[in-house]
Engineer: 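One structure coming up, written as structure tokens, with questions to follow.
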Amino acid sequence: MKAMHVLASTLTALLCAAITALGWTALQGVSEVFWTYHVIPNSPLLIVFRIQPLAGLFLCLLGVSGVLSAIYGIGYHNEYRTRRYGILLDLGILLFIVAMAAVLLAADVFTFMLGWEAMSVISFLLVIYDHRKPGNLQSGLVYAIMTQIGSAFLLVAFLVLYAYTRSLNFATFAAVAHTLPPDVQSVIFLCALIGFSTKAGIMPLHVWLPRAHPIAPSHVSSLMSGVMIKTALFGFLTVVILWFGGGATWWGLTVACLGGVSAITAAALAARATGIKQILAYSSIDNMGLIFLCTGVAMIEFSMRDTPLAMLALLAALWQTWNHGLFKTALFHGAGAILYATHTDSLNRLGGLARSMPKTSIAFSILLLSWSASPPFGGFSGEWMMFTALSTAAEHHLHGPMGILDVIALLALFFTAALTAWAALRVYGIGFLGQPRTVAARDAREVPRTMRIALWMGATLTLVSGLAGAFLIARLAKALTGIAGRVAPVPSALANGPLSPVTVPTAFVLIFAATVTAWTLIRLAQGKTSTRTVPTWTCGGERTPSMQYSGNGLSQPLERAWPLLATPLATQWLYRPAYAWVLRTATRFRKIQSGNVRSYLVYLFATIVLLLIVARVGGGVR
Amino acid sequence: MWSLIRQRLTTPIATEPLEELFSHVATEEPDPLLVQWKQNIRRGPFYGSLHIRHVDTGSCNACEWELTALLNPIYDAQRLGIDFVASPRHADVLVVTGGVTRNLAQALELTYEATPAPKAVLAIGACACGTGLLGQTYAQRGTALDSGIPILVTVAGCPPSPPEILRGLLNIMTILNGGAATHGHATTAI
Amino acid sequence: MTLMTCGPQAISTLCQSYASQGFRLQTMMATDERRIHGHYVLRYAFVHDATGHSVVLETAVPHDSPHYTAVTPALPAANWYEREALDLLGLFPDGHPEPFPLMLHGDLAANANPYPLRKEVDRAVSLPSVSRSLSVEAVPDGEFEVPVGPIHAGVIEPGHFRFHVRGEDVQSLDVTLFYTHRGLEKGAEGLTFAEGLAVAEQTCGVCSASHGAAFAQAVEAICDAHIPERAMWIRLLVLELERLYNHIGDVGNICAGIGFSFGVMQAGILKEKLQRHNARLTGHRFLRNMMAIGGVARDVPSDLAAHTGHVVQETMSAFSGLVNVLLSNEIVCDRFRQTGILALDVVRQYGVVGPAARASGYLADARLTQPSGAYSDKEVQTLLHVPTFPDGDVMARVLQRIEESSVSATLIGLAVAKLRSLPKADGDSSLVTPMVTPAPYEWALGVTESPRGENVHFVMTGPNGTIDRLRIRSASYANWPAVAKAVPGNIIADFPLINKSFELCYACCDR
Amino acid sequence: MISVWQVLLLMVMAPFVQGYVQWLKARIQGRIGPSPLKPWRDLRKQLAKEVVLSNAASWVSRLVPYLSLGLVLGAAACLPVLSGLPGPLLGSGSIFLFLSLLAFSRLSLLLLGLDSGSAFAGMGAGRDLLFSLLVEPTIFISLLAVGLPADATAFPGILRAAAANTSQNPAVASLALVAIAGVILVETGRLPVDNPDTHLELTMVHESFLLESSGRYLALLSFSAQLRQLLWYTVLFAACFPWGINESSTGAGFAIAILSFLIKVLFASSAVAVIEGVFAKWRVFAVPRYLTFMLALAVAAMLADAIL
């Protein structure tokens, strides 16, 4: 059994390595169709794969995350070893990765939707892998429902495109989409926005994300948060940038606003949630928000024909996509390690892990630093790029209304950064430092080696992408030159900022040198002064675990000072009324609701088949 | 607000010179403690930087008020670099007041343990010095001298006046700087 | 004073009936009278603050089965008294809601506790050293405890505060006191009255005079002695000087709680000047050694009295300048207002006394209700406009102290005038009424109004003019339970300010 | 090379600035007060003392004292102190890098506080995070408001923009000045936001992280804090008072630069001492309101850029 499992994981890792190589090739600027297969001869139902530069980054991300998750899964599997269908988890992950690759490589509507649906269904199944735990099934269903709503909107967008272009081929769309009547373009844009932002977790369509990510096995959460939600970004960029070249100004405005609101709100929610995986899930929303914010700014600049600025913003969005994907994958692995060691991820029940599992905790701390945008890690590089893009835009439009918008975008960025630092500090300070609050945390031990290797690989990669950020951004910029039909060099004035290949490494070396010098000087001057260990000072009394600051305690000032920031607005004003309505309706259909997982799966597949048929028929009627 | 700022900027210095303060206490002229302090202010790590942590071991609050008085502008212990600190980790001197009650014996030990070496303990007040009115009862030891914590300097008085306490602190500053062992050093009375 | 006796099972009902008539539980004395009557005695003293009428309810607790019905369920103010009687004498209050050790910390099993106040137990009996069991109470998810004390940062007396919080907002506060419990009452047993007076003065460093006066008054009441008129006025002068330097020092301390250095420093200077004058007047910076049984130990000659009046006048004018600055500062006022509100209900329930009670709108002042010595003087009573404030917040308590200081200054002015007009003392002996040795096992209460509120000393005589039992109930003892009630609902950062606004003493509470 | 000298100058001056503020505050309070050399004496003493660590402390407690100093020094290397010309050591003085380094050092301090599991540090951390939420946007927006009209997101550019009055608007400069100065009071833990002299653990913000530190660790952390305070003053000078900072590397220019820097530091620290002398501490939850006002000022400066 163990052998099977290692074999499956190795296979996955190899496949992912291949995907990474493919992505790297795409980043060379290659763009070609490399595989075509007729599902039904002489029909438009083709499976067509094609690589192109934009997908390169996402493929690399998928590959790297996949490799990490596969390695991680070998050790993490112990957590699930007692299950009968343990091997199914490995296979599920393999299929999940294949499905995501299919989405990224798809060259026509059918391939894309097939991959998209496969991705959704497999991820749904993986999310409810632990379906015996109370509440998990409900959360999984929220995911399934939301994802199907999203798919429906995507189908509508594609159908409209098909109606006007008589083609299902993406290349055709790219060629003629921007010639469609503006109203039609807008309809397509809105449908794509709803469809993709549901998957990307943009507010207010994010509700499934903080429910689904925490309950999935951790390496599945990794792939979902690190990669899957990015495939939605890829799809969205394909539609609005590659096909429509940015579209109307209000498109970008809408996207930027949604992104900014998502970023701040989700970051505030992340700063006050108590489950580590839930915090990470909210943080995925806020990062996607920032990425969409930059995308929106890029769209606006495209629409205003300011291509260098647009490219800069796009580059920032993509660079953050890469960095977020990387550290979030690894962070979920870290959260999984905590679950593995303590069987809880509630901050209020952890504490003291830095002493009981130091190797894991140091890797985790690096990832948290990256997440909180501390130099010189990847998260910092990504944020600097976004700052550069937004401040350059603000400077460029200083005397116009767009300048004000850019300043607001900058404010959103800073608030999100500060809230993220809050969340990261909480996770580490409450979860890993201090004394254990519960027996479970006290008895924590280091996790299996493969899990630690995956964690450390993630930590190293995020450090490398921080230090070598300038090189990677340059490669990305080169690959993207010429997308949307425009040649766009990156503004050269930024050579001193994140695009300077020396700054961040210099800072790193300088700080390291200062630290070591301080240490050496003190050693030389004072010799080895003695160090003594005594209990933490509690004003002359004894200490109990109940005196540890709790996760809720650390976020309470936020809740008190800005209650609005910490209220789940979408849930209160959108979903709860909608849910109430659905519930009222659903009571009439109680008969078909058996509560059995298998019957839900049947419904799900039925929906997909139905949707595909609609696509086929809808395409054929015209 | 402006009147307050003006008032503050024109407040005269109320601090009394050390010579004057000590004239009631010191027997010799010139006061050797002051001479020593002035000569060595630049030497030795504890001159001009002595941080105190107060440990009440069961006093009647009079010693506390006199300790607090050290910080008022008239005595201004800060001019000697003497200051009270918020954590025993930052302290050099523990000031013990009171006859070590049963309920506080453990707290005294914990505080001593929590203070980094080199450190010294100053016992002030009759209760801590073992000459208190009450002496030993079921609830207190009656002295800090045999509490297991090495007392370096004692300042008697019920309560000792602020200048006397200040002299005790200066004395401790000198002993700490002299590299004198902080454990088992003979107790010096002021 | 009315004295009533009842059985140990009926005491609860009787206390309740008095409490419901508006009587305040002033103190409770538990005494070991097995050698005299063969049983323990509990005395619950009540006072009616509007009329000054006082009642003592007495009950005998059998020596072989020391149980009685707890009053606490009906009257929360009795809580500590009954727990104290359990700790020190082993009298079991049946039905008490918190029958845990109060004064003797740690897990003292019944067989390890020799009940030190029992007569057969030696004063220096050794008790097992404190081992506090680490009961890991399950706190609700996300909540935690913040422990503060007994060793505080800064120069503060020891007490342990444990805040149950969920972030900044305090949910509840547990106060553990009696760290400075020195066994003073046991120590006083068998001493002469003069020695007992010294012990009483050391109960509290900063309320020495009022504790000394209360003790002296109790003894004088037993002996039915009246003190000379000049001594009466000197007592009043000393007591009001004590109030003045305490109140000014407290205002400074409250400023320290909000980091307002101007207030801290100016009040520090004023307090120091008053204390220096104290030393000049009485030979002691804390006004000790001035009281004597039957009078006062030292005269205040009229030139010194005049000087006192001058110093106080100067201090008051400087103080009013400080008060102006303080009350015109928006930040200061914002910090003071609506912080640490002590509700009138709590005041009534817990028998809160002194400035804390008056700042919540409850007028209780021993100088008005149970005046003795010069306080019963008509002129004093007309000048004694004790203010009250209805709000019960920190601001009210600060204003209360400020107003009371000026009342004190007025009284000092009167006392100075009296001392200058009264005939000079003919040597110090003319300031003391000679005492006859009282009969053994007589008791009386001595009540004074200290800066923190009413002090009640219970003295029971022993043979040959010694003390058989001394029970000191200081104002702090009555007020501490109320502090814990004023804190929940505030943020934890405001606690030091709230605590300082009560400015209670630990030593005289713990004894 | 000059940037190395700049950093050294800052390092030497930082404890003096702290000492001077304490001394002046004492004078204002009507007492002689501690010698301005006291912070140096404290550092000397603490370096010689034993280290007492909490038994709950992990590697964080051992690393952070050094790391936080390294980060603050790194941030110092971003700043123009005496000269705007040769360029700061790091990243050509990008404000993003500078503020990120300081934010990282803040984060490391908070971690240090939480490492020992002391409830006081947790309390301080919660408050500090609450404040930092508004501090960071304010300082960014203020610096951008000064710099953006001159196309600068780095200190040398901001300096040039501030020095060349042609591109800068007095309204922008004064709004930014107030906003930055207001935020500096928060960042350096001064009254009315935090009381640096308090002994009350329950009311602390910044000092609460250091409650568990002792010996050389305490020395390093105090020194970092002092250095950070001086860095904030320097930021204010660079953005609003660029006088004296010149681009020449001659001896005279250098002397003028040092002199003007000293005078500016003197003024700034005197102002801080006076403010501490007349203010009381705010309620914790009044600070966000104050910071929101500062943020509004910063945004107003930005708008003034756009409109004027």
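Within every chain, numbering begins at 1; the chains are lettered A, B, ... in the order of the sequence lines, protein sequences first and strands thereafter.
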Engineer: Would you mind telling me which of C:His152, C:Lys186, C:Met265, C:Arg182 has the largest number of heavy-atom pairs within less than 4.5 Å of chain B?
Structural biologist: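 Top option by heavy-atom pairs under 4.5 Å: C:Arg182.
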
Engineer: Working to the nearest 0.5 Å, report the span between OG1 of B:Thr111 and CD1 of C:Ile151.
Structural biologist: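 It comes to 4.5 Å.
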
Engineer: Among C:Gln266, C:Gln275, C:Lys271, which residue forms the greatest number of heavy-atom pairs with chain B at distances under 4.5 Å?
Structural biologist: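 That would be C:Lys271.
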
Engineer: Please classify the contact between C:Phe262 and chain B as side chain, backbone, both or neither, with a heavy-atom cut-off of under 4.5 Å.
Structural biologist: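 Both backbone and side chain.
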
Engineer: Looking only at heavy atoms and a cut-off of under 4.5 Å, which of B:Ser59, B:Ser87, B:Cys63, B:Ala62 has the most pairs with chain C?
Structural biologist: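 Option with the greatest count: B:Ala62.
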
Engineer: Side chain, backbone, both or neither: which part of C:Leu191 has a non-hydrogen atom closer than 4.5 Å to chain B?
Structural biologist: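 When you check distances to chain B, no heavy atom of C:Leu191 falls under 4.5 Å.
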
Engineer: Okay, side chain of B:Arg102, backbone of B:Gln140: is any donor-acceptor separation there less than 3.5 Å?
Structural biologist: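 Here the side-chain-to-backbone pair does not exist.
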
Engineer: Is C:Arg276 paired with B:Glu16 through a side-chain N to carboxylate O contact shorter than 4.0 Å?
Structural biologist: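 Salt bridge flag = yes for C:Arg276 with B:Glu16.
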
Engineer: Using a strict cut-off of less than 4.0 Å between a Lys/Arg side-chain nitrogen and an Asp/Glu carboxylate oxygen, indicate whether C:Glu314 and C:Lys273 qualify as a salt bridge.
Structural biologist: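 Looking at C:Lys273 together with C:Glu314, the answer is no, because their closest N to O distance does not fall below 4.0 Å.
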
Engineer: Chain B: which of C:Gly252, C:Gly321, C:Gly183 shares the most heavy-atom pairs with it under 4.5 Å?
Structural biologist: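 The candidate making the most pairs under 4.5 Å is C:Gly183.
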
Engineer: In terms of heavy-atom pairs under 4.5 Å with chain C, which of B:Pro159, B:Ala14, B:Ala69, B:Gly99 leads?
Structural biologist: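 Ranked by heavy-atom pairs under 4.5 Å with chain C, first place is B:Pro159.
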
Engineer: Between the side chains of B:His54 and B:Thr97, does any donor sit under 3.5 Å from an acceptor?
Structural biologist: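 Result is yes, a qualifying pair exists.
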
Engineer: Heavy-atom cut-off 4.5 Å, strictly under: side chain, backbone, both or neither for B:Ala105 against chain C?
Structural biologist: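 Answer is neither: B:Ala105 stays 4.5 Å or more from chain C.
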
Engineer: Would you mind checking which part of C:Val325 comes under 4.5 Å of any heavy atom in chain B, side chain (CB onward), backbone (N, CA, C, O), both or neither?
Structural biologist: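 Only the side chain of C:Val325 comes within 4.5 Å of chain B.
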
Engineer: So what's closer than 4.5 Å to chain C heavy atoms on B:Pro88: side chain, backbone, both or neither?
Structural biologist: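 Neither part.
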
Engineer: Any side-chain heavy-atom pair from B:Val155 and B:Leu122 closer than 4.5 angstrom?
Structural biologist: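 Yes, at least one pair of side-chain atoms sits under 4.5 Å.
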
Engineer: Measure C:Leu88 against the heavy atoms of chain B and call it side chain, backbone, both or neither at under 4.5 Å.
Structural biologist: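 Answer is side chain: those atoms of C:Leu88 sit under 4.5 Å from chain B.
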
Engineer: Do you know which of C:Ala267, C:Pro116, C:Ala256 has the most heavy-atom pairs with chain B at a distance under 4.5 angstrom?
Structural biologist: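 Sorted descending by pairs with chain B, the first entry is C:Pro116.
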
Engineer: If you count heavy-atom pairs within less than 4.5 Å of chain C, which of B:Cys60, B:Ser161, B:Ala139 leads?
Structural biologist: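 Heavy-atom pair counts peak at B:Cys60.
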
Engineer: For C:His181, is there any backbone N or O sitting under 3.5 Å from a side-chain donor or acceptor partner on B:Asn103?
Structural biologist: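 Pair absent, no side-chain N/O of B:Asn103 close to backbone of C:His181.
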
Engineer: Heavy-atom distances under 4.5 Å only: say whether B:Leu110 touches chain C with side chain, backbone, both or neither.
Structural biologist: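 B:Leu110 has no heavy atom closer than 4.5 Å to chain C.
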
Engineer: If the threshold is 4.0 Å, N to carboxylate O, is there a salt bridge linking C:Arg123 and C:Glu189?
Structural biologist: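 Judged by the 4.0 Å cut-off on N to carboxylate O distance, C:Arg123 and C:Glu189 do not form a salt bridge.
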
Engineer: Is C:Thr203 close to chain B through its backbone or its side chain, or both, or neither, when contacts mean heavy atoms under 4.5 Å?
Structural biologist: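 The answer is the backbone of C:Thr203.
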
Engineer: Tell me, do B:Pro150 and B:Tyr112 make a side-chain contact under 4.5 Å, heavy atoms counted?
Structural biologist: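 Contact flag for B:Pro150/B:Tyr112 side chains = yes.
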
Engineer: Could you check which of C:Cys508, C:Ser328, C:Ala507 has the highest count of heavy-atom pairs closer than 4.5 Å to chain B?
Structural biologist: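 When all of C:Cys508, C:Ser328, C:Ala507 are compared, C:Ala507 has the most.
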
Engineer: Checking heavy atoms, do the side chain of C:Asn289, its backbone, both or neither come under 4.5 Å from chain B?
Structural biologist: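 It is neither, since no heavy atom gets under 4.5 Å.
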
Engineer: Ring centres under 6.0 Å, that's the criterion: do C:Trp480 and C:Tyr506 meet it?
Structural biologist: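 Judged by ring-centre distance (under 6.0 Å), C:Trp480 and C:Tyr506 do meet the cut-off.
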
Engineer: Quick one: does any side-chain atom of C:Arg243 pair with a main-chain N or O of C:Leu241 as donor and acceptor, under 3.5 Å?
Structural biologist: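 Not a single qualifying donor-acceptor pair exists.
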
Engineer: Using heavy-atom distances under 4.5 Å, tell me whether C:Arg288 contacts chain B through its side chain, its backbone, both, or neither.
Structural biologist: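 Just its side chain gets close to chain B.
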
Engineer: Just so I understand: if I count every heavy-atom pair under 4.5 Å between each of C:Pro158, C:Gly268, C:Gly187, C:Gly249 and chain B, which residue has the most?
Structural biologist: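 So the answer, after comparing C:Pro158, C:Gly268, C:Gly187, C:Gly249, is C:Pro158.
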
Engineer: Could you tell me which portion of C:Ser261 (side chain, backbone, both or neither) has an atom closer than 4.5 angstrom to a non-hydrogen atom of chain B?
Structural biologist: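 Both the backbone and the side chain of C:Ser261 come within 4.5 Å of chain B.
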
Engineer: Any side-chain donor-acceptor pair under 3.5 Å between C:Glu84 and C:Tyr477?
Structural biologist: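 Note: C:Glu84 and C:Tyr477 side chains meet the donor-acceptor criterion.
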
Engineer: In terms of side-chain geometry, is the basic nitrogen of C:Glu242 or C:Arg452 positioned less than 4.0 Å from the acidic oxygen of its partner?
Structural biologist: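 No.
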
Engineer: In terms of heavy-atom proximity below 4.5 Å to chain C, should B:Val95 be classed as side chain, backbone, both, or neither?
Structural biologist: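 Neither; nothing under 4.5 Å.
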
